[in-house]
Trainee: 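I have a structure I would like to understand better, so I am pasting it below and will then ask my questions one at a time.
What you see is a predicted model; the values in this text were computed from it and never measured. Position 1 is the first residue of the sequence, and the numbers go up from there.
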Amino acid sequence: MTLEAVFGMASTLAFFAWIGLFIFYSQPWIYTTLFSGVLMLLGGTYVFYLIYGISTGDMEGAGFGSLSEVKALMSSDEALLAGWIHYLAFDLFVGMWIANDAWKKDISRWLLLPALLGTFMAGPFGLMLYFIIRATKTGTLSQSTIA
């Protein structure tokens, strides 16, 4: 299977997972399905391509100490694909947390939509937007309400 095919399948899977999350956010089974199915599949694919990418890429100068070192980590297409899947999985996980928290706090699906779209497109922005929506709706943003 080509890397482009894996990229396309992972992206499509994540896209449909987000649609399911929005439609069924008040159904407990969606979280089990997304966690035990989609996130585990994305996670396994991520680990495979991460290991393959690191083992086959030129890791000279790679590390986390500078932007150029991080760029060197992505020196192979396989490692770059792993990085993309990393974003897909973590943004979906954050979206699942947002949707579940909103459901528990009785925040409307339609009020939630901008935060979910923001998280899908630009992870931290969507999470920040959700915290603003939640604070507006509930009147609080204390740390004890995050868990």
Trainee: Evaluate the criterion side-chain contact (heavy atoms from CB on, under 4.5 Å) for residue pair Val38 and Leu92; output intermediate values, then yes/no.
Mentor: CA-CA 9 Å; Val38 175; Leu92 180 58; 3.6 Å; yes
Trainee: Report yes or no: do Phe93 and Tyr31 belong to one cluster of Ile/Leu/Val/Met/Phe/Trp/Tyr joined by side chain heavy-atom distances under 4.5 Å?
Mentor: yes
Trainee: Considering all heavy atoms of both residues, which atom of Leu116 and which atom of Gly95 are nearest to each other, and what is their separation?
Mentor: CD2-O, 3.7 Å
Trainee: Going by the angle between their ring planes, with limits at 30° and 60°, are Tyr52 and Phe48 parallel, tilted or perpendicular?
Mentor: parallel
Trainee: Assigning hydrophobic clusters by single linkage (Ile, Leu, Val, Met, Phe, Trp, Tyr; side-chain heavy-atom cutoff under 4.5 Å), is Trp97 placed with Trp103?
Mentor: yes
Trainee: Quick one: does Ser11's side chain have a donor or acceptor within less than 3.5 Å of a partner on Gly8's backbone?
Mentor: no
Trainee: Determine yes or no for a side-chain-to-main-chain donor-acceptor pair under 3.5 angstrom, with Thr12 supplying the side chain and Met9 the backbone.
Mentor: no
Trainee: Find out if a path of hydrophobic residues (ILVMFWY) with successive side-chain heavy-atom gaps under 4.5 Å connects Met96 to Phe24.
Mentor: yes
Trainee: In sequence, state the C-alpha distance, the side-chain angles, and the governing distance for Val47 and Ile51, and then conclude on side-chain contact (heavy atoms from CB on, under 4.5 Å).
Mentor: CA-CA 6 Å; Val47 168; Ile51 291 169; 3.7 Å; yes
Trainee: Between Lys137 and Lys105, does the side-chain contact (heavy atoms from CB on, under 4.5 Å) criterion hold? Intermediate values first, please.
Mentor: CA-CA 9 Å; Lys137 174 77 170 149; Lys105 291 177 176 35; over 6 Å; no
Trainee: Tell me the closest heavy-atom pair linking Ala115 and Ile133, and the distance in Å.
Mentor: CB-CD1, 4.1 Å
Trainee: With a 4.5 Å heavy-atom cut-off, do Ile30 and Tyr25 have their side chains touching?
Mentor: no
Trainee: Distance check, rounded to the nearest 0.5 Å: Leu129 atom CG versus Arg134 atom CZ?
Mentor: 12.5 Å
Trainee: Can you give me the closest heavy-atom contact between Ala79 and Leu73, atom names plus distance?
Mentor: CB-O, 3.4 Å
Trainee: Working to the nearest 0.5 Å, report the span between CG of Leu39 and CZ of Phe90.
Mentor: 9.5 Å
Trainee: If you round to the nearest 0.5 Å, how far is CD of Glu78 from CG of Leu3?
Mentor: 5.0 Å
Trainee: Does Phe7 belong to the same Ile/Leu/Val/Met/Phe/Trp/Tyr cluster as Tyr87, with side-chain heavy atoms less than 4.5 Å apart forming each link?
Mentor: no
Trainee: Can you name the nearest heavy-atom pair linking Leu88 to Ala14, along with the distance?
Mentor: CD2-CB, 3.9 Å
Trainee: When rounded to the nearest 0.5 angstrom, what is the spacing between CD1 in Ile107 and OG1 in Thr138?
Mentor: 6.5 Å
Trainee: Mark yes or no: Arg109 above the aromatic ring of Phe22, with NZ or CZ under 6.0 Å from the six-membered ring centre and no more than 45 degrees from the axis.
Mentor: yes
Trainee: Set out, in order, the CA-CA distance, both residues' side-chain angles and the distance that settles side chain to side chain donor-acceptor pair (under 3.5 Å) for Thr119 and Trp18, then state yes or no.
Mentor: CA-CA 10 Å; Thr119 304; Trp18 277 97; over 6 Å; no
Trainee: Do you know the tightest heavy-atom contact between Asp91 and Gly123?
Mentor: OD1-CA, 3.6 Å
Trainee: Taking all heavy atoms of Leu21 and all of Ala99, pick out the closest pair and write down the distance.
Mentor: CD1-CB, 3.7 Å
Trainee: What about Leu80 and Ile85, same hydrophobic cluster or not, with Ile/Leu/Val/Met/Phe/Trp/Tyr joined at side-chain heavy-atom distances under 4.5 Å?
Mentor: no
Trainee: What is the distance from atom CH2 of Trp84 to atom CG of Asp77, rounded to the nearest 0.5 Å?
Mentor: 15.0 Å
Trainee: Might you confirm whether atom CH2 of Trp29 has over 12 heavy atoms from other residues, nucleotides or ligands at distances under 6.0 Å?
Mentor: yes
Trainee: Could you grab the distance from atom CD1 of Ile98 to atom CG of Asn100, nearest 0.5 Å is fine?
Mentor: 11.0 Å
